[in-house]
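Worksheet: the structure to be examined is printed underneath.
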There are 2 protein chains.
Amino acid sequence: MKENIYQSIFNTYAKRIQSGKIPPGTKLPSENELMSSYSTSRETVRKALNLLVQHGFIQKIRGKGSYVLDIGRMNFPVTGLTSFKEMSGKIGRSTRTLVQRTVCTGASPSIADCLQIEPGEPVWEVIRVREIEGERIILDKDYFRPDKVVLLTEELAAGSIYEYLEQTLNLVISYAKKEISVEEATDEDRALLDLNGLTHVVLVRNFVFLEDTTLFQYTESRHRLDKFQFVDFARRIP
Amino acid sequence: MKENIYQSIFNTYAKRIQSGKIPPGTKLPSENELMSSYSTSRETVRKALNLLVQHGFIQKIRGKGSYVLDIGRMNFPVTGLTSFKEMSGKIGRSTRTLVQRTVCTGASPSIADCLQIEPGEPVWEVIRVREIEGERIILDKDYFRPDKVVLLTEELAAGSIYEYLEQTLNLVISYAKKEISVEEATDEDRALLDLNGLTHVVLVRNFVFLEDTTLFQYTESRHRLDKFQFVDFARRIP
DNA sequence: CAGTGGTCTAGACCACTCC
DNA sequence: GAGTGGTCTAGACCACTGA
């Protein structure tokens with residue numbers, strides 16, 4: 001029993017809603033009912049319900065109750081950090097990762113600027129191509145500060161680097177900033193991706209921070225235009 | 001005094017951090033200190049701090065304290081519903097809105113599908129071009145269900161439709177789903193925008209829902225590739 | 001060890017919706 | 001009026017950090 005009460009309530013309902021066991025439009029038990037059925041306090045129940053609201057599962061209306069939303073169309077919420085491996089599992093297509101390079105090298109001026117270090121300082125560079133159903137769709141270029149990540153190998157790069165960082169190195173990833181824009185394709189893009197003559201790529205820049213607020217990774221994800229999609233769930237800030 | 005205590009604490013610190021009055025890296029007063037200095041309870045203080053966390057202003061570390069993050073590079077968070085008018089204010093460039101059409105018409109099959117109604121049912125259609133520094137960059141196509149929005153005029157379309165909906169019609173906008181993808185430019189795009197020969201546009205589909213969970217608006221925002229940017233702040237979900 | 005944030009409790013009053 | 005969610009209180013115990 002290491003799970004919190006409110007986490008457990010949240011997980012229970014999140015599962016039921018995601019699996020469709022509780023259909024959209026259903027009214028959830030009131031906070032008072034949940035309070036007694038879980039024999040806990042109301043603030044704890046409210047914490048669980050607010051989590052459900054934030055994740056887009058339910059909608060609360062004052063004086064009426066909590067209602068399950070229709071998340072059927074929410075294909076995959078990329079909001080929240082999502083790595084390629086998690087994503088490909090959700091999409092359920094045949095995918096493959098081709099590691100192009102895993103080296104520790106001197107930072108170019110533009111990379112140094114992104115990582116907030118000096119040009120020429122050493123950085124780990126990992127370049128990977130993501131193949132989806134036989135087509136090379138995504139080019140991932142990752143850069144890590146070597147004071148945080150000492151060693152990287154091709155084997156690690158082929159799997160999930162995040163798993164390695166979190167479970168082996170015990171780095172706690174805290175938050176990230178994403179920027180999405182469209183740029184002209186580079187020679188590298190044309191060489192490594194199946195662009196089919198497309199002149200631009202979607203560029204997702206990702207700045208990843210640790211718990212101590214230090215930036216330690218910068219990633220450029222270069223997507224083929226026609227295969228890119230980003231879904232966001234937004235709540236009106238009152 | 002209609003403002004909540006926790007809202008007021010949040011606003012105070014959000015302003016100070018955004019204005020730079022509290023620089024990044026600063027340690028905020030502890031929850032106990034805030035508790036007594038605002039003469040309120042700790043849970044209330046925590047509500048305010050959690051809001052600051054969710055908005056990316058601060059970072060809490062157990063056993064240490066709350067620290068101000070470096071949001072200097074967070075240009076404008078488009079996460080959270082942001083209308084064009086809000087956005088243009090933040091960018092601070094000269095912008096103009098050109099209303100192309102404001103009519104009540106029969107829904108085409110694709111629009112009907114998006115709005116979850118039958119083809120041919122009446123919908124309000126508003127088509128606007130956004131001009132930034134003399135160039136026509138964005139094409140906004142809005143569709144409203146007429147059972148919610150009875151009347152729209154060109155004057156309203158030229159201003160902020162959201163203001164009208166919320167303040168005059170008292171519609172409560174609750175949440176929205178955004179999809180970002182890239183599509184081939186249509187003849188309409190080429191006619192209404194200054195595409196400079198670009199063959200594709202960034203398409204932002206926006207589904208807006210009311211408090212009673214009914215979908216009432218669908219918007220297509222078609223952006224010129226080279227002027228599009230989207231910034232997202234994401235927290236690792238534990 | 002003292003200080004920090006994370007969780008939880010058992011109450012309270014309010015604003016709102018629906019009948 | 002009864003029932004709902006929104007806010008708030010004054011405590012409590014825990015896990016973690018740092019000196």
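Lettering of chains follows the sequences in order, A, B, ..., and the numbering in each one begins at 1.
With hydrogens and angles left out, the side-chain atoms of B:R205 and B:T219 include no donor and acceptor closer than 3.5 Å. No side-chain donor from either of B:E179 and B:S181 sits under 3.5 Å from a side-chain acceptor of the other.
Here the side chain of A:N50 pairs a donor or acceptor atom with the backbone of A:R46 at under 3.5 angstrom. Judged purely by atom type and a 3.5 angstrom limit, A:S36 uses its side chain to pair as donor or acceptor with the backbone of A:E33. A side-chain donor-acceptor contact under 3.5 Å links B:N11 to the backbone of B:Q7.
At a non-hydrogen distance threshold of 4.0 Å, B:E31 from residues 31-41 of chain B come into contact with DNA chain C. Within residues 61-68 of chain A, the residues that have a heavy atom under 4.0 Å from DNA chain D are, in order of number, A:I61, A:R62, A:G63, A:K64, A:G65, A:S66.
The nucleotide range of DNA chain D contacted by chain B, defined by atoms under 4.0 angstrom from heavy atoms of the protein and reported 5' to 3', is D:dT7 to D:dG18.
A side chain to side chain donor-acceptor pair (under 3.5 Å) with B:D140 is found for one member of B:R130, B:R128, B:R222, B:H223 and no other, namely B:R130.
Applying the ring-ring contact (aromatic ring centres under 6.0 Å, His included) test to residues at least two apart or on different chains, the pairs with a partner in residues 8-33 of chain A are A:F10-A:H55.
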Donor-acceptor list for residues 19-28 of chain A side chains, cut-off 3.5 Å, not counting sequence neighbours:
from  : atom 1 : to    : atom 2 : distance (Å)
A:S19 : OG     : A:K15 : O      : 3.1
A:S19 : OG     : A:R16 : O      : 3.2
A:S19 : OG     : A:K21 : N      : 3.4
A:T26 : OG1    : A:P23 : O      : 2.5

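Taking the six-membered ring for Trp and thresholds of 30 and 60 degrees, B:Y218 and B:F207 have ring planes inclined between 30 and 60 degrees apart.
Partners of B:N32 by side chain to side chain donor-acceptor pair (under 3.5 Å), not counting sequence neighbours: none found.
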